[in-house]
Amino acid sequence: MTVQAINILKEAVDTVEQELLGRVCQGDMKAFELLYKRESGRVFALALRLMGVRALAEELTQEVFVLAWRKIEQFRGESKFSTWLYRLTTNLALDRLRLKKHAFESNTAELDESFPAHHVDLDNVRDIESAIQRLPDGARTVLVLYEIEGHSHEYIAESLGIATGTSKAQLHRAKKLLKQWLSA
């Protein structure tokens with residue numbers, strides 16, 4: 001596919017999204033359902049990475065879309081709709097995880113590095129996702145926010161109500177555990 005063809009496709013997708021968003025702003029639930037079908041899988045994947053438990057991720061995904069419907073007028077179109085949804089997802093997950101703040105400040109003994117490793121097929125992305133889900137809450141959340149979402153340690157620390165050093169320590173522990181599990 002040529003660059004020109006890719007650009008034409010991108011413009012078509014952007015136009016469809018803008019049209020759907022316009023209809024949603026007018027209260028069109030069917031248009032919102034189409035946006036939900038387009039984005040719910042990716043929102044769920046992010047929620048699962050952040051929350052680590054499928055049931056919590058499913059609940060969070062639903063909460064994100066309910067909030068998006070209620071606050072659609074706050075979407076200014078300065079970014080893609082999906083970016084706005086991911087920000088909602090991250091913020092809601094952080095709100096929930098703040099309630100479990102003690103998990104982020106746990107000492108090294110609570111981050112059981114002897115967690116039983118299993119054989120991991122590095123060609124299989126599901127094994128990497130599975131390994132990420134096995135991380136303790138604090139380590140997993142910091143890893144996702146820093147490495148996948150691209151946030152700074154300062155932002156993560158402020159969002160989670162922890163020290164910047166704790167964020168860095170959690171990231172170090174997460175990487176150490178993943179390296180241990182994935183190399184087994």
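The shown structure was predicted, so the numbers you read here are calculated from the model rather than taken from an experiment.
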Exercise for review: Please report the closest heavy-atom contact between Ala47 and Thr61, naming both atoms and the distance.
Suggested key: CB-OG1, 3.9 Å

Practice item. Measure the spacing between CD of Gln26 and CG of Leu21 and express it to the nearest 0.5 Å. Key: 11.5 Å

Exercise for review: Give a yes or no answer on whether the side chain of Thr166 reaches the backbone of Ile162 with a donor-acceptor pair at less than 3.5 Å.
Suggested key: no

Exercise for review: Report the C-alpha distance between Arg38 and Glu33 in whole Å, list the side-chain angles of each, state the deciding distance to 0.1 Å, and finish with yes or no for salt bridge (Lys or Arg N to Asp or Glu O under 4.0 Å).
Suggested key: CA-CA 9 Å; Arg38 280 178 50 164; Glu33 287 176 18; over 6 Å; no

Check your understanding: Which pair of heavy atoms, one from Leu182 and one from Ala131, lies closest together, and at what distance?
Key -> CD2-CB, 4.1 Å

Practice item. Would you mind checking if Glu39 and Lys80 are paired as a salt bridge, meaning a charged N to carboxylate O distance below 4.0 Å? Key: no

Practice item. I would like to know whether Leu20 and Phe81 meet side-chain contact (heavy atoms from CB on, under 4.5 Å); could you show each step before the answer? Key: CA-CA 10 Å; Leu20 286 173; Phe81 180 68; over 6 Å; no

Check your understanding: Checking side-chain contact (heavy atoms from CB on, under 4.5 Å) for the pair Leu46/Glu149: CA distance, chi angles, key distance, verdict?
Key -> CA-CA 9 Å; Leu46 174 59; Glu149 294 298 308; 3.2 Å; yes

Review point. Can you find a heavy atom in the side chain of Leu143 that is under 4.5 Å from one in the side chain of Ile148?
Key: no

Review point. Is Arg54 salt-bridged to Glu58, cutoff N-O under 4.0 Å?
Key: yes

Check your understanding: According to a 4.5 Å side-chain heavy-atom criterion applied to Ile, Leu, Val, Met, Phe, Trp and Tyr, with indirect links allowed, do Phe75 and Val16 form part of one hydrophobic cluster?
Key -> yes

**Study point:** Residue pair Tyr36, Gln62: steps toward the side-chain hydrogen bond (donor to acceptor under 3.5 Å, both in side chains) verdict
**Key:** CA-CA 10 Å; Tyr36 174 85; Gln62 294 305 312; 2.9 Å; yes

Practice item. Check whether Leu48 and Leu145 end up in the same hydrophobic cluster, where Ile, Leu, Val, Met, Phe, Trp and Tyr are linked by side-chain heavy atoms less than 4.5 Å apart. Key: no

Review point. Taking all non-hydrogen atoms of both residues, which atom of Thr141 and which atom of Leu50 are closest, and how far apart?
Key: OG1-O, 3.4 Å

Revision key, fill the gap. Output for pair (Ser40 OG, Lys37 NZ), nearest 0.5 Å, gives 9.5 Å

Check your understanding: So, do Ser167 and Leu160 sit near enough that their side-chain heavy atoms are less than 4.5 Å apart?
Key -> no

Check your understanding: How many angstroms lie between atom CG of Asp28 and atom CD of Glu19, to the nearest 0.5 angstrom?
Key -> 10.0 Å

Practice item. Side-chain contact test, heavy atoms from C-beta onward, threshold under 4.5 Å: evaluate it for Arg140 versus Arg134 and give yes or no. Key: no

**Study point:** CA sep, side-chain torsions, deciding dist, call: Gln133, Arg49, side-chain contact (heavy atoms from CB on, under 4.5 Å)
**Key:** CA-CA 6 Å; Gln133 287 180 23; Arg49 284 185 189 119; over 6 Å; no

Check your understanding: Is there a side-chain contact (heavy atoms from CB on, under 4.5 Å) between Trp69 and Met29 once you walk through the steps?
Key -> CA-CA 9 Å; Trp69 174 255; Met29 182 59 85; 4.0 Å; yes

Review point. How long is the span from the OG1 atom in Thr89 to the CH2 atom in Trp84, to the nearest 0.5 Å?
Key: 10.0 Å

Review point. Are Leu94 and Tyr86 grouped together when hydrophobic residues (ILVMFWY) are joined by side-chain heavy atoms under 4.5 angstrom apart?
Key: yes

Check your understanding: Are Phe44 and Leu56 linked, directly or through other ILVMFWY residues, by side chains that come within less than 4.5 angstrom of each other?
Key -> no

Practice item. Report the C-alpha separation of Arg96 and Glu63 in whole Å, then their side-chain angles, then the decisive distance to 0.1 Å, and conclude whether the salt bridge (Lys or Arg N to Asp or Glu O under 4.0 Å) test is met. Key: CA-CA 12 Å; Arg96 288 184 178 194; Glu63 191 174 336; 2.2 Å; yes

Check your understanding: Which heavy atom in Met51 sits nearest to a heavy atom in Ala93, and how many Å separate them?
Key -> SD-CB, 3.8 Å

Review point. Side-chain contact, heavy-atom cut-off 4.5 Å: Arg173 with Leu135?
Key: no

Practice item. Nearest 0.5 Å please: distance from the CD1 atom of Ile156 over to the CD atom of Glu154. Key: 9.0 Å

Point to revise | Straight-line distance of Gln74 CD to Arg76 CZ, nearest 0.5 Å | key: 8.5 Å

Check your understanding: For the residue pair Tyr146 and His153, is the inter-centroid distance of their aromatic rings smaller than 6.0 Å?
Key -> yes

Point to revise | Heavy-atom closest contact (Ile132 atom, Leu178 atom, distance) | key: N-CD2, 3.9 Å

Exercise for review: State, to 0.1 Å, how close Thr83 and Ser79 come at their nearest heavy-atom pair, and which atoms those are.
Suggested key: CB-OG, 3.9 Å

